Undergrad: 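I have a structure I would like to understand better, so I am pasting it below and will then ask my questions one at a time.
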2 protein chains.
Amino acid sequence: MSSCETCVVRNRAICAGLDNQEIVALNAIGRRRSVSAGEPLIWEDDDSLLVANVIDGVLKLTTSTEDGREQIVGVAYPSDFIGRPFGQTSKASVVALTDARVCVFSRNDFDRFARSHPELEHKLLERTLAELDRTRSWMMLLGRKTAPEKIATFLLEMSDRLAETGCTPITRGPAKRFTLPFSRQQVADVLGLTIETVSRQFTKLKNEGVIDLPARRDVEILNRASLVALAG
Amino acid sequence: MSSCETCVVRNRAICAGLDNQEIVALNAIGRRRSVSAGEPLIWEDDDSLLVANVIDGVLKLTTSTEDGREQIVGVAYPSDFIGRPFGQTSKASVVALTDARVCVFSRNDFDRFARSHPELEHKLLERTLAELDRTRSWMMLLGRKTAPEKIATFLLEMSDRLAETGCTPITRGPAKRFTLPFSRQQVADVLGLTIETVSRQFTKLKNEGVIDLPARRDVEILNRASLVALAG
DNA sequence: CGAGGATTTGACCCTCGTCAAGACTTGTGG
DNA sequence: CCACAAGTCTTGACGAGGGTCAAATCCTCG
């Protein structure tokens, strides 16, 4: 049941490229875990020292100031890797946005396994480099874009990422219609805005006919070209 | 002359941990290059496809919007690794802030070498993970901090990083006095502010006696505790 | 000494945050 | 099945932080 052979992300996560024998060994040190929406997997500053692969669902990575301001610094989709192996413990919380299933490892076990399996370390490196790229382009958004630009960029990114990780019915190309894994407050925390500004920008786009909002968390993109133009 | 044996970052860069034979091989595919202040090493979107180690000096990593807004998404100090190995070419420019020396490799050569030297890939992975941590905490700053908080955080980070990379006379602990490798405009581009706001916040801190500004790019921290409190 | 660039300072104003109220969802229990 | 409550989202009024534009001042270097 909880075996890697049947895992849906077996060929997309960092486990891809491991042979059967290695998979068995990895299987031995990991275990599946379910996290329900809103439940934390890792607390900021905690030293539970675990890492994980996302099998299913969406999780947020956040940091906060002492006075409670929050910034979402990353979003993990199926096949993404979570946690901080090797040395440092990074101060970020991980909380499930939707019901999720993950494959967790103690950091020590994982570190040891990774160091003796270069192919896995390589996969992890590629993934980390890609995440760094994405994070840097998000810095551009946070530092230099206006609220309308932020919202447009966000919707386009959602449309792409939700499609590519198979979270929506449509299988090819960006999703035209999708369900956000975020509340309005969480959208605000991703974009460095307030909930009110997010709401206002959403309704503005709706009134202009660029998007439709059939339900609280549902978005349909009616005019992708406009969004691209607005994204700046 | 340009050999790795005499390299000042030999034991701090990703080359640390390679034995002499490996170093010779790495030496064979790399070459030293000088970049003077203001000169680019990599253009956004270019496919020159090179990666590099910083030997000496400071460089900035930037992305820009079409209409010319710029965001500095990373700063590379001696022993830091620059560029995007494996697959993707990331769209960021690299420009020297000070006169700098780097050790460059064609990406293909480097990729091939790295894949056959797990120890080097591991070092690169650790470095990339650390950079991702730093980048994420910078997202918090860009998305959620006020201008005074940004400036205070920036000065503290400068004081730490310039000390640890040996860019200032003081060798132990954070630097009390240092020379910024940034112009005011570049500080603005790091913090997601305008040059005017940066200037005003600097003079405000000076008037309050928290810092002194003996010269254009020089900063002396008079009251570190205040800065920490202001950093939020 | 003068020119050109960088920085500072000032005046103004716009975007977005704050505060507050109202509307819409969702869930619960009678 | 409905009333009520609690949470989420939207809308409005207002103001402040920080951006914009413009001018003055300060370095730096030929």
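Remember, it's a predicted structure, so these values are computed and weren't measured experimentally. So that the names make sense, note that chain A is the first sequence line, chain B the second, and so on, each numbered from 1.
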Undergrad: Going 5' to 3' through nucleotides 14-19 of chain C, assign each nucleotide B (protein heavy atom under 4.0 Å from a base atom), S (under 4.0 Å only from sugar-phosphate atoms) or - (no protein heavy atom that close).
TA: --SSBB
Undergrad: How long is the line joining CG of B:L213 and P of C:dA6, in whole Å?
TA: 18 Å
Undergrad: Roughly how many Å is it from CZ in B:R184 to C1' in C:dT8, rounded to a whole number?
TA: 9 Å
Undergrad: With a 4.5 Å cut-off on side-chain heavy atoms, are B:V102 and B:V35 touching?
TA: yes
Undergrad: Please work out if A:T203 contacts a base, only the sugar-phosphate, or nothing of the nucleic acid, heavy-atom cut-off 4.0 Å.
TA: sugar-phosphate
Undergrad: Is B:D80 paired with B:R12 through a side-chain N to carboxylate O contact shorter than 4.0 Å?
TA: no
Undergrad: Checking A:Q186 side chain against A:S183 main chain: does a donor-acceptor pair fall under 3.5 Å?
TA: yes
Undergrad: Within the 3.5 Å criterion, strictly below it, is a donor on A:T179 or A:D218 matched to an acceptor on the partner's side chain?
TA: yes
Undergrad: Provide the start and end nucleotides, 5' to 3', of the part of DNA chain D that has atoms under 4.0 Å from heavy atoms of chain B.
TA: D:dG18 to D:dC27
Undergrad: Yes or no on ring-ring contact (aromatic ring centres under 6.0 Å, His included) for B:F81 and B:F105, after CA distance, side-chain angles and deciding distance?
TA: CA-CA 11 Å; B:F81 181 83; B:F105 306 89; 8.0 Å; no
Undergrad: Between B:R144 and A:D67, is there a salt bridge with N-O shorter than 4.0 Å?
TA: no
Undergrad: Is it the case that the side chains of B:R177 and B:S159 hold a donor-acceptor pair, with the cut-off being a distance below 3.5 Å and no angle test?
TA: no
Undergrad: Closest approach to the side chain of A:R216, judged atom by atom: which nucleotide of C:dT7, C:dC24, C:dT9 is it?
TA: C:dC24
Undergrad: Salt bridge between B:R136 and B:E131, side-chain N to carboxylate O under 4.0 Å?
TA: no
